[in-house]
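Shown next, in structure tokens, is the structure this report addresses.
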Amino acid sequence: MKEKMNLEILRHSCSHVMAQAVQELFPGTKLGIGPAIEDGFYYDFDTSAALSAGKKEAFTDEDLARIEKKMAEIIAEDEPFIREDLEKKAALSLFKKLDEPYKVELINALAGAQISVYRTGKKFVDLCRGPHIQSTGQIKAFKLLSVAGAYWHGIETNPMLQRIYGTCFESRQELDEHLKNLEEARLRDHRKLGPNLELFDIYHEEAGAGLVFYHPKGALLRMLIEDYEKKEHLKRGYQIVTTPHIMQAGLWKTSGHYDYYKENMYTLNIDKQEYVLKPMNCPGHILIYKSKTRSYKDLPVRLFELGTVYRHEKAGVLHGLLRVRGFTQDDAHIFCLPEQLKAEIKAVIDFVFDTMKTFGFNDVSIELSTRPQKSIGSDEDWERATQALEESLKEKGLAYDINEGDGAFYGPKIDIKIKDALKRKWQCATIQCDFALPKRFNLAYIDNAGKEQQPIMLHRVLLGSVERFVGTLIEHYNADLPLWLAPLQALVIPIKDTVMDYAQKIVQALKAEGVRVEIDSHNETLDKKIRNAEMNKVPYCLVIGEREEKSGSVSVRQKGKGNIGALNIDEFIKKIKEEVEKKAV
RNA sequence: GCUGGAGUAGCUCAGUCGGCAGAGCACGUCCUUGGUAAGGACGGGGUCACGAGUUCAAUUCUCGUCUCCAGCUCCA
């Protein structure tokens, strides 16, 4: 904990040094804010007034190099950080004199009568609550990483400032390690690996941005994920349904989505009727629930659909498979009695954990998001819903963070994020508790007194979007998928043409046992074929030559491990089946 | 949507200070028939993202559009 604090102080101090360097190099640049963040720090600058210094608009890579150099000079000077406490009025006049409008705005918003500022060097002074390191010489290892626009206070209508990101560590070695990690993450990028390994593609120009095409191998991977999910859902008392891709606009007006998300919906007008390409599966499931009178004895009703939805996300937010415009949710809606609510929530939580574990994710983080500004439903319902979620988490003994005001417009939610091999967080499961839609759609069941009552609705996904989950899997495993998910499990490599018949027999024997196998019959050397297989991340190569044909065996090569010796075909089938059975655990 | 950067062969990238467009990999044909990470030769492949403008001439300069990248904002 103390170390984390120290690192934060170090990084924040480093951001001051960067700001000092920027103002020395580009006089007239106005300061925004410069906090430490998870992996480093940033500082926001308004360069519009620095034109006189020859600074046109945004910082360039060359500028970053210059700034780094200037920072190194400031660090070499070992200038002390000096704290000064001022009356609010004095602070205001100081920053007015320095012509720092953003700082003046910040001071005006501060509550206390005392304001602290920090000085470094002869001229640089910054509004700051501190604390800081003692002097700039304590910064041992830093690097500026990138520059990007950022709205002042993060509000879209505010002016856009130039944000410089950097990072800083206590030692050169740690910094190098971090930079290496960034490079590793770059190499595993699913946007690169996916098309390279022929899993999927996004034909931005021809078909449209954010629309995914699964190639045969990717479609197979997706099918394996979906098949697993269908089986598990049936096991756990869900019923599988399918609903249409377009439905009339009225349904979304009733649900409230039309009012909140109209600009993100794909609509079409046919026969003077407005249709919406479904952005959610809930209304469809609600119609199925409403299709007959439900008794309290029928509840809970759990409807599951691998539902493909379309949302017109803003152009700038699209990102590989992680943020797309058409995607498939592993979506279910649970209609239950009030007294069933917590048990259902807890069962979903268990389901999420089991699923994550199966796919090889053991590290999760949980957030509880509460009522947002824009929302529907009564205070009382929000209270009950939030309480049910929170109590479920507590009763399961799970740690969670509260995300104030981040819930859906119709109810609070639990988000479960997974951490991958590089410790990065990925959004997957969410569980939302909803009293509002049952009311709007007049959902009902008959209680044991013969009276109509309103069920409670849970919205939940486990993986979230299949697309995003495929992206997550690729990056988590660096595309070295566990055998049960590998689209191609084994590649048969005949050494020369004369053993082709035997090789084909091996392929047929494996196919008959459900092994996903191909043969590499290219006219290439063994070395070349093995190299290709390794690069395509094929788990097993079966090398077939005269020796194998004579003894009725296959020479097995495991990816990353090399030649593991000869097995007869039954032994290999047994081995591969056992490994598939284990899944990721 | 906003700020900045970018778009040349299926992929990775050179190149043209405005004058017939290049390499490696991949692909095809042939030679080679091999023992665990690149055998050899030859060959096909491009409206230089798209649309306007300037020019004798535009892949190159200007403007617009589309898309991607880094962020911001957003994510039912």
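Within every chain, numbering begins at 1; the chains are lettered A, B, ... in the order of the sequence lines, protein sequences first and strands thereafter. Remember, it's a predicted structure, so these values are computed and weren't measured experimentally. Values reported hereafter were calculated over all heavy atoms of this structure, with side chains retained and with hydrogens, waters and symmetry mates removed.
For the P atoms, the distance linking B:C20 with B:C48 amounts to 14 Å, nearest Å. Rounded to whole Å, the P atom of B:C69 lies 36 Å from the corresponding atom of B:U29. Distance check on atom C1': B:U33 versus B:G40 gives 14 Å, rounded to whole Å.
For A:Glu198 against B:G10, no side-chain N or O and base N or O form a donor-acceptor pair under 3.5 Å. Side-chain atoms of A:Asp527 stay outside donor-acceptor range of the base of B:U36, with no qualifying N/O pair under 3.5 Å. Scanning atom types as modelled, one donor and one acceptor separated by under 3.5 angstrom connect the side chain of A:Ser555 and the base of B:U36. Counting distance only, with no hydrogens placed and no angle test, the side-chain atoms of A:Gln162 and the base atoms of B:G71 include no donor-acceptor pair under 3.5 Å.
A salt bridge is defined here as a Lys NZ or Arg NE, NH1 or NH2 lying under 4.0 Å from an Asp or Glu carboxylate O, and A:Glu184 with A:Arg188 meets this definition. By the 4.0 Å N-to-carboxylate-O rule, A:Arg186 lies close enough to A:Glu183 to be salt-bridged with it. Salt-bridge annotation for A:Lys423 and A:Glu475: absent, with no side-chain N of the basic residue lying under 4.0 Å from a carboxylate O of the acidic one.
Of the side-chain N and O atoms in A:Tyr203, none sit less than 4.0 angstrom from OP1 or OP2 of B:G10. Listed pair A:Lys192 / B:C68 fails the phosphate criterion, with no side-chain N or O lying under 4.0 Å from OP1 or OP2. Dashed line: the shortest gap from a side-chain N or O of A:Lys314 to OP1 or OP2 of B:C74 is not under 4.0 Å.
Cation-pi geometry between A:Lys253 and A:Tyr258 is met: the NZ or CZ atom falls under 6.0 Å from the ring centre, inside 45° of the normal.
In this structure, A:Leu161 and A:Leu526 both approach RNA chain B, and ranking their closest nucleotides by distance from the 5' end singles out A:Leu161.
Within the nucleic acid shown, A:Gln427 has no heavy atom closer than 4.0 Å to any nucleic acid atom. Using a 4.0 Å heavy-atom distance criterion, A:Arg191 is classed as a sugar-phosphate-only contact.
We find that the ring of A:Phe409 and the base of B:A76 do not stack by the test of centres under 5.5 angstrom and planes tilted less than 30°.
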